[in-house]
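Below: one structure, written as structure tokens.
Keep in mind the model is a prediction, meaning the values are calculated, not measured.
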Amino acid sequence: MLPSTNSRPIITHDNPKSPISEAYRSLRTNIQFSAIDEEIRTIMVTSAGPGEGKSTTITNLAVAYAQSDKSVVLIDADLRKPTMHHTFNLTNRFGLTNALSNRGMLAEVIRETKVPNLSVITSGPIPPNPSEMLASRRMGALLEDLKDQFDIILIDTPPALAVTDAQIVASKCDGVILVIDSGKVKREMAMKAKANLDYVKARILGVVLNNMNRKSSESYYYYYYGTKE
């Protein structure tokens, strides 16, 4: 079971030798090898519904990339219920919405974190028109500007079944990771979320299953990695 976002943990940073941290590094490696002939630099992470662990997943994935000496920027594009400013203890007075509305220069909303190689763009003030802002030409231009500054761009969005925001952002990314709570989300909901992403021709790189049988998965990890300690 992956950590809850309520406690704002970043296990890949706090406990990099843990089995869960190794799982995030495996996710990073799988993404890297999912496209041999082309680079995957802009990656969106979403879920079918709320509370499935997408923000925890993308935060730890961002740290895993940063630990591999990649320059990484993590964007909180959940303009409805943002969390990244809490996770990294940053003010959310300025962020993505300021840059998209031209009230803030891009350089002013990129903040460094305690994790080497990892920067964050928080959501900024919650706007009345999130979908329109994310669909704007300015959003596309912002992502292109960030490609000149960072190796990897990770984008957190609202759940795919809640609003159209995830579909909009997915169309601007190289790939999408779908996070599913295996003990909570019914198969029909997961398939509907995938269908929504398929509709905009999003490239789904894979699915992260949270809350699998913890006893069996933990015993596997500790057995496999325990001999290295």
Are any side-chain N or O atoms of D174 and backbone N or O atoms of I43, one a donor and one an acceptor, separated by less than 3.5 Å? no
Just by distance, do the side chain of S171 and the backbone of K201 share a donor-acceptor pair under 3.5 Å? no
Only one of I11, T12, L74 passes side-chain contact (heavy atoms from CB on, under 4.5 Å) with V63; say which it is. T12
Side-chain donor-acceptor pair present, N60, S21, cut-off under 3.5 Å: no
Give me the other members of the hydrophobic cluster that Y199 sits in, counting Ile, Leu, Val, Met, Phe, Trp and Tyr linked by side-chain heavy atoms under 4.5 Å, directly or via other members. V200
Ignoring hydrogens and geometry, is there a side-chain-to-backbone donor-acceptor pair from S131 to T164 under 3.5 Å? no
State the OG1-CZ distance between T91 and R111, to the nearest 0.5 angstrom. 6.5 Å
T97 (side chain) donor-acceptor with I126 (main chain) under 3.5 angstrom: no
Any side-chain heavy atom of I180 sitting closer than 4.5 Å to one from E52? yes
Is there a side-chain contact between V169 and T46, using heavy atoms and a 4.5 Å cut-off? no
Treating R138 as the side-chain partner and A99 as the backbone partner, does any N or O pair qualify as donor plus acceptor under 3.5 Å? yes
Nearest non-hydrogen partners of P16 and Q67, listed with the distance: CB-NE2, 4.2 Å
Test: salt bridge (charged side-chain N to carboxylate O under 4.0 Å, His left out). Region: residues 72-81. Which pairs qualify, not counting sequence neighbours? K54-D78, R80-D165
Donor-acceptor check, side chain of R25 to backbone of S68, threshold 3.5 angstrom: yes or no? no
Keeping D156 on the side-chain end and A77 on the backbone end, is there a donor-acceptor pair under 3.5 Å? no
Sub-3.5 Å donor-acceptor pair from the side chain of N196 to the main-chain atoms of A193, do we have one? no
With side chains defined as the heavy atoms from C-beta onward, is the minimum distance between Y65 and D151 less than 4.5 Å? no
CZ on F150 to CD1 on I121, rounded to 0.5 Å: 7.0 Å
Run the numbers on T87 and S55 for side chain to side chain contact (heavy atoms under 4.5 Å, CB included), then give the verdict. CA-CA 9 Å; T87 301; S55 296; over 6 Å; no
Any non-hydrogen side-chain atom of L96 less than 4.5 Å from a side-chain atom of L142? yes
Q149 atom CD, neighbour heavy-atom count above 12 within 6.0 Å: yes
Considering only heavy atoms from C-beta outward, does the side chain of V208 approach that of L61 to under 4.5 Å? no
Between R41 (side chain only) and K147 (backbone N and O only), is there a donor and an acceptor less than 3.5 Å apart? yes
